[in-house]
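First the proteins, then the strands, lettered A, B, ... as listed; each starts at 1.
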Number of protein chains: 2
Amino acid sequence: MAATSPTPTPALTAERILEATEEVLRRHGPAKATVVDVARALGVSHGSVYRHFRTKAALREAVTKRWLDRTSEQLSGIAAGDGDPRARLRDWLRALFEAKRRKAGADPELFATYMVLADENGPAVTEHIADLTGQLAGIIRDGAERGVFAVPDPAVAARAVFQATGRFHDPGYAREWERPQAEADFGSLVELLLQGLRAR
Amino acid sequence: MAATSPTPTPALTAERILEATEEVLRRHGPAKATVVDVARALGVSHGSVYRHFRTKAALREAVTKRWLDRTSEQLSGIAAGDGDPRARLRDWLRALFEAKRRKAGADPELFATYMVLADENGPAVTEHIADLTGQLAGIIRDGAERGVFAVPDPAVAARAVFQATGRFHDPGYAREWERPQAEADFGSLVELLLQGLRAR
DNA sequence: CAGATGACAGATTTCAATATCTGTCATTCC
DNA sequence: GGAATGACAGATATTGAAATCTGTCATCTG
């Protein structure tokens, strides 16, 4: 009746630790989750976890990075498209808004972890923002080359667009995302920004 | 040697209580300031304070309202001007940014009180925002009538502009206001928005 | 010998007892 | 009699002792 582990001791990898950590964070939230919990979930001592991640903060950061990267990757698909840059910009901004809203609703505890990180300006968050702003700049540059947009500097414009839409992706505003008003507000803001970029 | 109070007992008015409360908040901050402190500062019992303000929250709110109204009034001067609406919009947005930044720096404790109120969606904050958005709508409507701006609905555009510039007036972003980048970011965002409003 | 362990010190969190505060109101004072 | 008071109950905050957690490292194990 040996219905036990087919792999007796599946080597302890960083990846396995990240999976377990994500699960623990989902269950307990960033305030309660401990490194000991993670170790227990893996059936190892907490010392072993510290062999792969120097601090608890590094572990939190790695989990959040993985989580954020999933969003970045989805969006990069839209950014890399070759349709009308205006439509692409609209779609991309909407996808960003939807993705954040969905994560906030479906994974409140991981989202709370992300908020902690955002609050303390963790490098993972800074990189995430740089990545997204880069994607935006790509769309805008493309639009400028095609003569659809007229901007002095696509990178600067991207930064402005990203900051202008902060209310619809910055985790600090998550509470507002469920209000009915949010949809209309998002729409009119995006149209205003598109007008601002438009070549005349 | 009666070197005591020239006015023996200057009647306890709501105004005097508000002044004392502002002072107490400035000194102790919203977390530590108590109604008993306010009463002590006035030389009365705390029961007397409750005769003028039904709850501590109402008192906090009244103080913050007064404080916010000072900013609104300053800005209304700019909004009511009759120069080029584009310049007026620029000036108004800059004045709002400057005012918030100055208050955050010069009066950190009162600013913290404001943040508490903003977090709990106090009516005073909602009204403050409605007032500011109204001023913005006035400038934009004026611009539209003069043919400088082209917008479907000034009130909707005002809302969009206000939300787009949130990073430069929303208290949650106060930390960012001292970064050197902030100036440039503010400038490029405002220009983008002005382009977006511009008649073509 | 590479990787895992668990005892350990110092930092942080929890918990319960204590103190303070909020808001009410019967009484007191001009 | 209208305003002020201060005792009071329940809610909230503070405090300090105990428990838990983080991060290190000498030791162990395969």
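- Map Arg51(A) and Ala31(A) each onto its nearest nucleotide of DNA chain C; the residue landing nearer the 5' end is Arg51(A).
- Applying the 6.0 Å contact sphere to CD of Glu73(B) captures no more than 12 heavy atoms from other residues, nucleotides or ligands.
- Atom CZ of Phe53(B) is separated from atom P of dT24(C) by 15 Å (rounded to the nearest Å).
- The environment of CZ in Arg70(A) is crowded: more than 12 heavy-atom neighbours from other residues, nucleotides or ligands sit within 6.0 Å.
- Counting heavy-atom neighbours within 6.0 Å of Arg146(A) CZ, excluding the residue itself, gives a total above 12.
- Note: CG (Leu59(A)) to P (dT22(D)) measures 10 Å, nearest angstrom.
- Atom NE2 in His52(B) sits about 16 Å away from atom C1' in dG23(C), given to the nearest Å.
- Asp82(B) CG: 12 or fewer foreign heavy atoms inside a 6.0 Å radius.
- Cation-pi check for Lys100(A) over Trp177(A) is not met; the charged atom does not lie both under 6.0 angstrom from the ring centroid and within 45 degrees of its normal.
- With a 6.0 Å radius and a threshold of 12 heavy atoms from other residues, nucleotides or ligands, Arg26(A) has its CZ atom above the threshold.
- Across residues 42-50 of chain B, Val44(B), Ser45(B), His46(B), Gly47(B), Ser48(B) each have a non-hydrogen atom less than 4.0 Å from an atom of DNA chain D (numbered order).
- When the P atom of dG30(D) is taken as reference, atom CG of Leu12(A) falls 17 Å away, rounded to whole Å.
- At the phosphate of dT13(C), neither OP1 nor OP2 sits under 4.0 Å from any side-chain N or O atom of Lys32(A).
- Axis orientation changes by 10° from one end of the helix from dC1(C)-dG30(D) to dC30(C)-dG1(D) to the other, with each end axis drawn from 5 pairs and the value rounded to 10°.
- Remark: P of dT13(C) and NE2 of His28(A) are 17 Å apart, rounded to the nearest angstrom.
- If you check the side chains of Asp69(B) and Ser72(B), you find no donor sitting under 3.5 Å from an acceptor.
- The CG-P distance, from Asp37(A) to dT22(D), rounds to 8 Å in whole Å.
- Under a cut-off of 6.0 angstrom, the local environment of CZ in Arg54(A) is sparse, with at most 12 non-hydrogen atoms contributed by other residues, nucleotides or ligands.
- Legend: residues meeting salt bridge (charged side-chain N to carboxylate O under 4.0 Å, His left out) with Arg141(A), ordered by chain and number and at least two apart, are absent.
- Side-chain atoms of Thr55(B) lie closest to dG23(C) of the nucleotides dT22(D), dA4(C), dG23(C).
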